[in-house]
2 protein chains.
Amino acid sequence: MKHKDINCDNCFISKSSVFTVLTDEEKNIIRQNHSCTHYKKGEIIYKEGDKPTGLICLSDGKVKIYKEGVGGREQIVRMAKPVGFIGYRALFANENYIASALAIEDSTVCNIDKKILFEMIHRNTEFASNIIKSLATELGFSNNRTVTLTQKHIRGRLAESLLFLMDTYGFEEDGKTIRVYLSREDIANLSNMTTSNAIRTLSTFASENIISLDGRKISILDVRALGKVSEMG
Amino acid sequence: MKHKDINCDNCFISKSSVFTVLTDEEKNIIRQNHSCTHYKKGEIIYKEGDKPTGLICLSDGKVKIYKEGVGGREQIVRMAKPVGFIGYRALFANENYIASALAIEDSTVCNIDKKILFEMIHRNTEFASNIIKSLATELGFSNNRTVTLTQKHIRGRLAESLLFLMDTYGFEEDGKTIRVYLSREDIANLSNMTTSNAIRTLSTFASENIISLDGRKISILDVRALGKVSEMG
DNA sequence: TTAATTTTGTGCTGTCAAACATAAATTCTT
DNA sequence: AAGAATTTATGTTTGACAGCACAAAATTAA
């Protein structure tokens with residue numbers, strides 16, 4: 001279910017966007033060659049195996065990027081927030097998507113035509129450099145994650161995921177509640193463990209006064225302790 | 001132990017290099033701003049935490065890129081072959097190295113000055129595009145690996161590693177012996193398992209006539225079966 | 001409201017792979 | 001060549017975590 005003509009100016013305005021290095025003229029070219037789409041919570045933006053048609057910029061909402069592994073077991077690879085790109089890896093590698101994207105909240109995205117994007121890369125070398133830097137940073141993140149997920153124990157993995165969510169989405173006004181509301185299953189799929197173990201370990205953290213739980217609301221009471229658990233297990 | 005003035009023309013000549021899109025003039029600029037270094041088997045090229053000084057191109061030899069994880073446990077992130085780049089991720093992300101590089105065979109590398117490289121990216125957009133594509137491909141590889149290493153069982157992980165080594169380094173003249181000679185420990189660190197389990201599982205594969213073993217020589221007798229084990233466990 | 005479905009929570013059991021122990025074979029030293 | 005050190009090999013023990021079963025709570029549907 002897609003609604004056309006929705007505002008996603010966010011993508012062009014935000015200072016945290018890779019687009020900041022574009023000239024006004026270049027920004028206009030992109031503006032003239034983009035379309036906006038809205039996705040309701042739970043809707044799929046693209047699926048593993050699909051062919052990318054352009055660059056997708058998340059203007060508003062939250063999106064999980066996940067891969068289907070052995071026996072359909074899901075592994076969340078990345079969590080996207082506005083303003084950030086989605087599906088750019090496959091686009092730049094000239095491959096089909098190797099992961100799927102799903103809106104975990106109502107989300108608005110901006111689609112930028114592939115051809116225009118590549119033109120821009122050739123036109124503006126600063127822009128190209130920014131993309132190179134983003135990809136390199138993301139690759140470092142992925143390499144770290146590989147080691148974390150394979151070597152840390154359950155407690156460490158979960159603690160790291162909570163810190164990651166905190167870093168990515170920040171806190172609500174109370175300064176402690178993580179600004180994202182995931183199911184226990186999603187938390188498990190982010191941390192490479194079963195849902196039961198995610199639930200169990202979250203409860204343990206709560207009983208140790210490291211976090212507090214209220215449904216899907218997770219509040220971090222002791223960042224330091226959480227960091228320690230993430231490091232030491 | 002580094003020896004200066006060693007030939008690494010390979011890096012500029014090879015058609016599989018990202019440098020192919022450079023003009024002769026650009027190639028000369030790089031040639032004039034490079035230095036060659038030789039490393040003996042077992043020598044470290046750079047260590048996790050070091051600051052990159054330039055782009056390193058592996059002209060000859062074989063190199064493993066690995067991270068130290070929990071309790072010093074090593075995870076091999078990547079295996080490099082000529083002609084290929086090493087340590088470019090940290091350079092492009094403008095970070096310190098997050099992994100170490102070690103020559104597993106006598107190796108010759110070519111060091112290209114950081115400043116010259118970035119100039120080249122700004123000069124030649126085709127070159128920049130190539131780098132973007134390489135990074136995006138590598139990121140896909142890393143994401144796949146994360147899922148593989150966390151979800152597949154020992155047999156599947158080892159089978160995948162053997163296929164990976166086969167793809168990367170190819171066969172000796174006999175058409176079946178993998179052209180790289182790793183210790184069982186390295187194979188274990190590539191496959192996220194203990195050395196004992198690598199040894200044990202290799203023996204099992206040999207007893208199933210999927211591979212044959214002769215010291216560090218590993219010959220693949222049944223690629224198909226190996227692929228099946230990699231897929232199914 | 002009741003029923004159905006999904007999500008969350010908890011205990012129990014089984015198993016895969018790490019950890020440990022030990023020995024044989026190979027490689028490196030001196 | 002003898003000894004030390006490293007790598008390879010194999011058996012045994014242990015423990016972390018998955019798998020399963022089931023119950024309670026929350027959400028959605030009728």
Quiz item: Just how far, in rounded Å, is P of C:dA18 from CG of B:L149?
Solution: 12 Å
Quiz item: So what does A:S196 hit on the nucleic acid, given a heavy-atom distance under 4.0 Å: a base, only sugar-phosphate, or nothing?
Solution: base
Quiz item: With respect to the phosphate group of D:dT7, does any side-chain polar atom (N or O) of B:S183 fall under 4.0 Å of OP1 or OP2?
Solution: no
Self-check item: d(OH, A:Y181; P, D:dT27) in whole Å
Solution: 14 Å
Exercise. Could you tell me the separation between the NE2 atom of A:H153 and the P atom of D:dA18, rounded to a whole number of Å?
Key: 11 Å
Exercise. For B:I154 and C:dC16, give me the distance from atom CD1 to atom C1', rounded to whole Å.
Key: 8 Å
Exercise. Kindly point out which of D:dA18, C:dA18, C:dA19 is positioned nearest to the side chain of A:M193?
Key: D:dA18
Exercise. Can you tell me the distance, in whole Å, between the CZ atom of A:R184 and the P atom of C:dT8?
Key: 6 Å
Quiz item: Would you say the SG of B:C8 sits less than 2.5 Å from the SG of B:C36?
Solution: yes
Quiz item: So, B:T108 and B:S59: side-chain donor and acceptor under 3.5 Å apart, yes or no?
Solution: no
Exercise. Remember a base hit wins even if backbone is also touched, and classify B:R216 as base, sugar-phosphate or nothing at under 4.0 Å, heavy atoms.
Key: sugar-phosphate
Quiz item: Can you tell me if the side-chain N/O atoms of B:S203 get under 4.0 Å from OP1 or OP2 in D:dT10?
Solution: yes
Self-check item: Counterpart residues, side chain to side chain contact (heavy atoms under 4.5 Å, CB included), relative to B:K62 (two or more places apart)
Solution: B:I104, B:E105, B:Y169, B:V180
Quiz item: What does A:I199 touch in the nucleic acid at a heavy-atom separation under 4.0 angstrom: a base, only the sugar-phosphate, or nothing?
Solution: base
Self-check item: Spacing between A:K41 atom NZ and D:dT27 atom P, to the nearest angstrom
Solution: 10 Å
Quiz item: Does the B:S14 side chain pair with the main chain of B:N10, one donor and one acceptor, at a distance under 3.5 Å?
Solution: no
Quiz item: For A:R155, which contact category applies under a 4.0 Å heavy-atom criterion: base, sugar-phosphate, or nothing?
Solution: nothing
Quiz prompt | Candidate nucleotides C:dA18, D:dA18, D:dG11, ranked by approach to the side chain of B:R200 - the nearest | solution = D:dG11
